[in-house]
Amino acid sequence: MKRIIEGLLILFIYISIYSININAKEIDSSTEEELSFYALEDILNTMVTTASRSERRIKDLPVSVYVITREEILKNNYTSLIEALRSLPEIRISSSGTGNDGSTFIMRGLLGNYYTKILLDDMPLSPSVISSMPIGEQINMMNVDRIEVIFGPAAAMYGADSVAGVINIKTRMPKKDEVRFETIFGTNRYWYNNVSGSYVLGEKYQKQTIFTIYGLYSQRDGSNIVDGYEDVYDLSVYDNHYPSAKGRNKVPLKVMDLPSKYWSFGSKIQYLDFIISYDQMYRADPSSTGMYTNSYFYDDENAKMGENIQRLCAQHQTKIKDFNFKTNISYLRYRLDNDSYYSYIFSTNNPQTFGYKNKSYKYQASDDILFEETVVWDLTKQIEIVSGLTYQYSGVFPSTNNLDYPFDENEYHPFSEDKPKPDPYYGDFGFNPYTFYNYGLFLQGSYNSDKYNLMLGARYDKNSKYGDSINPRIAALYNLTKDTSIRASYNSAFKAPSPYYAYSSLAGMLANGKVQYQMLPNPNLEPEKLDSYELSVKHLLAKDCSLELVGFHNRIKNLISSARYYLDPKLYPKAGMTSTRIYSNDGNSESRYNGINLILQWKNIIPSISFGADFFVTYIKGEEILPTGGGEINDLREVPELMGKLHLSAKPINKLYVGIDNILCGEWYGKDIDNVTEYNDPYNKISGYYLMNIAGNYEILKGLKANFKIENVFDKKYAGIQAFTGNIDLKYNPQSGRSFFGGFSYTW
């Protein structure tokens with residue numbers, strides 16, 4: 001099998017190189033019908049709204065924008081957002097992620113789940129209380145029209161969280177009656193089902209009411225992260241590097257693949273310019289994944305982090321003369337399952353139960369109400385003014401201390417600051433409900449002509465907990481020739497501290513009856529701040545071939561990290577130690593890095609089989625001043641210096657599509673490095689890897705397709721993004737081995 005796959009890859013690359021010489025004229029003479037959707041010209045002319053909050057062509061925007069189309073989603077069988085993001089430059093993913101965050105990704109050197117604004121139909125999808133956006137298969141990819149991805153800060157338009165960029169998932173609204181069903185089976189007893197339908201009430205070209213509904217269910221018994229990773233899980237390999245762990249765990253190590261489950265359902269109604277939508281999404285992933293085998297069991301299949309997100313939205317658009325108005329109102333409700341727990345080897349409340357499966361339950365919740373009004377004024381054919389107002393009111397109940405029993409959900413009420421009944425031993429430690437508001441005002445002007453495009457804007461935010469913030473954007477695009485353009489931009493952004501970090505609370509009982517406070521809340525956290533510069537040159541080599549070179553510089557300051565804190569005995573009279581940890585801003589620490597990204601896209605190299613290639617190479621080099629006096633290192637933790645991607649696609653025979661992803665990732669350092677000594681230890685340098693993934697489908701009958709997918713073709717054992725910080729991670733987070741998937745989709 002391995003030789004067959006290698007042969008196919010060599011054949012694809014050979015055809016690509018050979019066709020460069022013989023098919024240039026063929027590309028130029030191809031008809032629009034032959035090029036169809038694959039035409040690069042069509043992609044560059046795609047209208048997007050996320051970058052400027054108004055409809056603009058990609059090629060006219062002075063910022064980095066990528067679009068993942070519906071066709072790409074369907075033909076490559078993407079069942080999750082993380083799979084779709086894997087195809088883009090400057091992004092590294094972990095499909096086997098963590099209990100808290102699910103699948104994770106790094107975007108331009110920053111953890112995307114935390115530093116990226118994720119939207120669903122222009123409205124935020126991430127609850128305010130959590131550490132970062134949890135990603136699984138709970139987002140219904142089958143109903144997605146396209147995914148617009150903005151690289152680089154966008155706080156001037158979207159406020160907090162949009163530090164690394166913005167991801168806007170745009171769902172579709174069919175214009176005719178339609179039913180679609182999809183089912184997929186795979187290794188590790190993977191099972192995925194998705195059904196959606198639409199019904200149009202009213203005659204064509206008259207007032208119509210369009211109804212859509214969908215349902216999704218997905219489960220797997222494990223992620224194939226056991227075989228071949230024995231050394232990673234074996235605690236003895238850490239003894240020389242974490243002396244405090246040596247000899248502590250005498251429980252026989254047992255690792256099993258742990259199950260995951262996702263489901264969602266929703267509906268949407270559109271009448272004229274009004275849209276009302278409802279979505280409910282559920283994710284449950286193993287809580288131990290990526291965590292230290294000294295403390296967490298890997299054979300408790302019920303240990304999970306289960307999250308339920310519900311969202312109700314109302315949207316309205318109207319045009320009055322030269323003004324376009326858009327109103328969005330949403331209510332976002334988040335609840336962590338009250339039976340979510342960590343399976344500890346030692347008990348935080350009873351030291352005598354070491355070695356038993358000690359369940360430490362967690363709970364957190366939030367309710368977010370958001371109003372947003374955007375106005376686009378077409379002042380002239382060349383001048384556009386975008387302005388807007390947002391107001392968010394939130395009630396949050398941050399993650400509790402470890403609990404002996406599931407939290408009684410009746411003890412928390414939305415938008416209430418009343419604390420639940422105190423714990424008999426810990427009192428109200430770990431119960432921190434509160435409310436806050438944030439309002440923002442933004443204004444952006446742009447000038448567009450055939451020769452150049454200018455964009456100038458800023459946003460003012462006022463947060464009731466974190467004060468004021470002003471973030472500007474300056475961007476320009478200049479067309480040197482018909483085929484060559486230059487872009488330059490400056491953006492600033494801020495990341496407001498998540499309640500998960502500001503109110504982090506963790507304590508347990510010591511053998512002498514005293515309390516061991518492992519983490520205390522710090523409500524005085526301040527936002528992290530980032531400045532970003534970008535410069536790029538893009539040249540259209542041929543009608544369907546473009547080459548782009550993007551350079552960027554980022555500097556993030558006021559970083560939030562874990563720091564030592566000395567306890568006040570008056571506030572904590574039961575404390576069994578004099579110091580503990582809190583999350584705090586370190587004004588001296590910062591990350592500075594430069595990146596270069598080479599992007600070569602060539603569609604229709606061989607039009608007769610729709611053969612195309614996307615080639616990305618990213619190089620990032622930087623320095624970090626580590627928090628709490630750890631010193632300066634000449635690298636970015638968790639970020640490889642070099643990463644390359646090659647996506648090949650073709651229709652080798654009629655009705656058959658095949659896509660091959662090749663991913664090359666260089667070595668990097670784990671993020672739990674705290675000082676220069678650990679940085680210089682070769683043990684902490686993690687090896688790079690090469691991966692191949694294959695996906696495709698075959699049209700059996702009109703509307704009926706068979707699909708297939710092979711992940712990690714060569715069964716590479718490789719590292720993903722780590723789970724946490726503070727020396728409680730495995731050396732690296734093991735990723736899934738070779739996996740096979742197949743199924744059918746039917747549309748009528």
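This structure is a prediction, so every number in the text was calculated from the model and none was measured. The first residue in the sequence is number 1, and the count goes up from there.
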Could you give me the CA-CA distance, side-chain angles and deciding distance for Leu642 and Trp668, then say whether side-chain contact (heavy atoms from CB on, under 4.5 Å) is met? CA-CA 9 Å; Leu642 184 65; Trp668 73 92; over 6 Å; no
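- When the salt bridge (Lys or Arg N to Asp or Glu O under 4.0 Å) test is applied to Glu137, the partners found at least two apart in sequence or on another chain are Arg220.
- When side chains are defined from C-beta on, Tyr229 does not count as touching Val255, because their heavy atoms never get closer than 4.5 Å.
- For the residue pair Ser745 and Glu182, no side-chain donor N or O sits within less than 3.5 Å of a side-chain acceptor on the partner.
- With a 4.5 Å cut-off on side-chain heavy atoms, Met455 and Ile474 do not count as touching.
- Within the 3.5 Å criterion, the main-chain N or O of Gly228 finds a donor-acceptor partner in the side chain of Glu230.
- Partners of Tyr689 by ring pair (Phe, Tyr, Trp, His ring centres under 6.0 Å), not counting sequence neighbours, listed by chain and number: Tyr718.
- Between the side chains of His539 and Asp483, not a single donor N or O lies within less than 3.5 Å of an accepting N or O.
- Contact detail for Ala156 and Arg473: the closest heavy-atom pair is CB-CB, 3.6 Å.
- Taking 4.5 Å as the limit, every side-chain heavy atom of Trp602 sits out of range of all side-chain heavy atoms of Leu547.
- In summary, Arg146 and Glu148 engage in a salt bridge, as defined by a charged side-chain N under 4.0 Å from a carboxylate O.
- Glu623 meets the salt bridge (Lys or Arg N to Asp or Glu O under 4.0 Å) test with Arg592; sequence neighbours excluded.
- Just one of Asn140, Leu81, Asn143, Asp145 meets the side chain to side chain contact (heavy atoms under 4.5 Å, CB included) condition when paired with Ile169; it is Leu81.
- With rounding to the nearest 0.5 Å, the separation of CG in Asn224 from CG in Asn188 is 5.0 Å.
- Every residue two or more places apart in sequence or in another chain that forms a ring pair (Phe, Tyr, Trp, His ring centres under 6.0 Å) with Tyr490 is listed here: Tyr533.
- No donor-acceptor contact under 3.5 angstrom links the side chains of Ser94 and Asn733, judged on distance only.
- Between the side chain of Asp531 and the backbone N or O of Asn554, no donor-acceptor pair lies under 3.5 Å.
- Scored by the salt bridge (Lys or Arg N to Asp or Glu O under 4.0 Å) test, Arg487 finds Glu534, Glu548 as partners (sequence neighbours excluded).
- Here Ala164 pairs with Met107, Leu110, Tyr115, Thr116 under the side-chain contact (heavy atoms from CB on, under 4.5 Å) rule; sequence neighbours left out.
- Listed by chain and number, the residues in a ring pair (Phe, Tyr, Trp, His ring centres under 6.0 Å) with Tyr679 are Tyr669 (sequence neighbours excluded).
- Asn604 contributes no side-chain N or O that, together with a main-chain N or O of Ile606, makes up a donor-acceptor pair within less than 3.5 Å.
- Residues passing the salt bridge (Lys or Arg N to Asp or Glu O under 4.0 Å) test with Lys717 are Asp715, sequence neighbours excluded.
- A donor-acceptor contact shorter than 3.5 Å is absent between the side chain of Asp60 and the backbone of Arg56.
- At a threshold of 4.0 Å, the pair Arg738-Glu711 does not count as salt-bridged, since none of the basic side-chain nitrogens sits closer than that to a carboxylate oxygen.
- One distance of note links CD1 of Ile82 with CD1 of Ile91; it measures 8.0 Å at 0.5 Å rounding.
- In this structure, the separation between CG on Leu636 and OG on Ser591 is 6.0 Å, given to the nearest 0.5 Å.
- In this structure, the separation between NZ on Lys709 and CG on Asn697 is 11.5 Å, given to the nearest 0.5 Å.
- Side-chain contact between Leu664 and Val617: absent, with no pair of heavy atoms (C-beta onward) separated by less than 4.5 Å.
- Contact between Phe611 and Ala650 at its shortest, heavy atoms only, is CD1-CB, 3.8 Å.
- Remark: the backbone N or O of Tyr619 is not paired with any side-chain donor or acceptor of Asn597 at under 3.5 angstrom.
- Side-chain atoms of Ser736 come within 3.5 Å of backbone atoms of Ser223 as a donor-acceptor pair (strictly under, hydrogens ignored).
- Not counting sequence neighbours, Phe552 has no partner by the ring pair (Phe, Tyr, Trp, His ring centres under 6.0 Å) test.
- Annotation: side-chain contact (heavy atoms from CB on, under 4.5 Å) contacts of Asn675 (sequence neighbours excluded): Thr677, Glu678.
- Atoms CG and CD1, from Leu111 and Ile721 in turn, are 6.5 Å apart once rounded to the nearest 0.5 Å.
- Here the side chain of Glu624 pairs a donor or acceptor atom with the backbone of Arg637 at under 3.5 angstrom.
- With hydrogens and angles left out, the side-chain atoms of Ser260 and Asp285 include a donor and acceptor closer than 3.5 Å.
- Within a 6.0 Å radius of NZ in Lys170, more than 12 heavy atoms belonging to other residues, nucleotides or ligands are found.
- The side-chain heavy atoms of Leu477 and Leu61, taken from C-beta on, include no pair separated by under 4.5 Å.
- In this structure, the side chains of Phe151 and Val63 stay at 4.5 Å or more apart for every pair of heavy atoms.
- In Lys529, the NZ atom is not crowded: 12 or fewer heavy atoms of neighbouring residues, nucleotides or ligands sit closer than 6.0 Å.
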Step by step, would you call Lys117 with Ile167 a side-chain contact (heavy atoms from CB on, under 4.5 Å)? CA-CA 6 Å; Lys117 192 92 165 184; Ile167 298 170; over 6 Å; no
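- With respect to Glu699 and Lys705, no salt bridge is recorded, no charged nitrogen being found less than 4.0 Å from a carboxylate O.
- Looking at residues two or more places apart in sequence or on another chain, you find a side-chain contact (heavy atoms from CB on, under 4.5 Å) between Ala488 and Leu535.
- Using a cut-off of 4.0 Å between Lys/Arg side-chain N and Asp/Glu carboxylate O, Asp661 and Lys645 are scored as not salt-bridged.
- The backbone N or O of Lys716 lies less than 3.5 Å from no partner atom in the side chain of Tyr690, so there is not a single donor-acceptor pair.
- Annotation: side chain of Met141 is not in contact with side chain of Thr79 (no heavy-atom distance under 4.5 Å).
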If you apply the rule side-chain contact (heavy atoms from CB on, under 4.5 Å), what do you find for Ile660 with Met692, and how did you get there? CA-CA 7 Å; Ile660 300 178; Met692 177 190 286; 3.9 Å; yes
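- Every residue two or more places apart in sequence or in another chain that forms a side-chain contact (heavy atoms from CB on, under 4.5 Å) with Ile596 is listed here: Leu549.
- Aromatic pair Tyr190/Phe741: ring centres closer than 6.0 Å.
- With a 4.5 Å cut-off on side-chain heavy atoms, Val537 and Leu480 do not count as touching.
- With hydrogens and angles ignored, the 3.5 Å screen pairs a side-chain donor or acceptor of Asn113 with a backbone N or O of Phe105.
- A distance-only check finds a donor-acceptor pair linking the side chain of Gln722 to the backbone of Leu730 [under 3.5 Å].
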For Met157 and Ser52, what are the C-alpha separation, side-chain angles and deciding distance, and is it a side-chain contact (heavy atoms from CB on, under 4.5 Å)? CA-CA 8 Å; Met157 300 300 285; Ser52 62; 5.6 Å; no
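- The distance from the CD1 atom of Ile486 to the OG atom of Ser536 is 8.5 Å, given to the nearest 0.5 Å.
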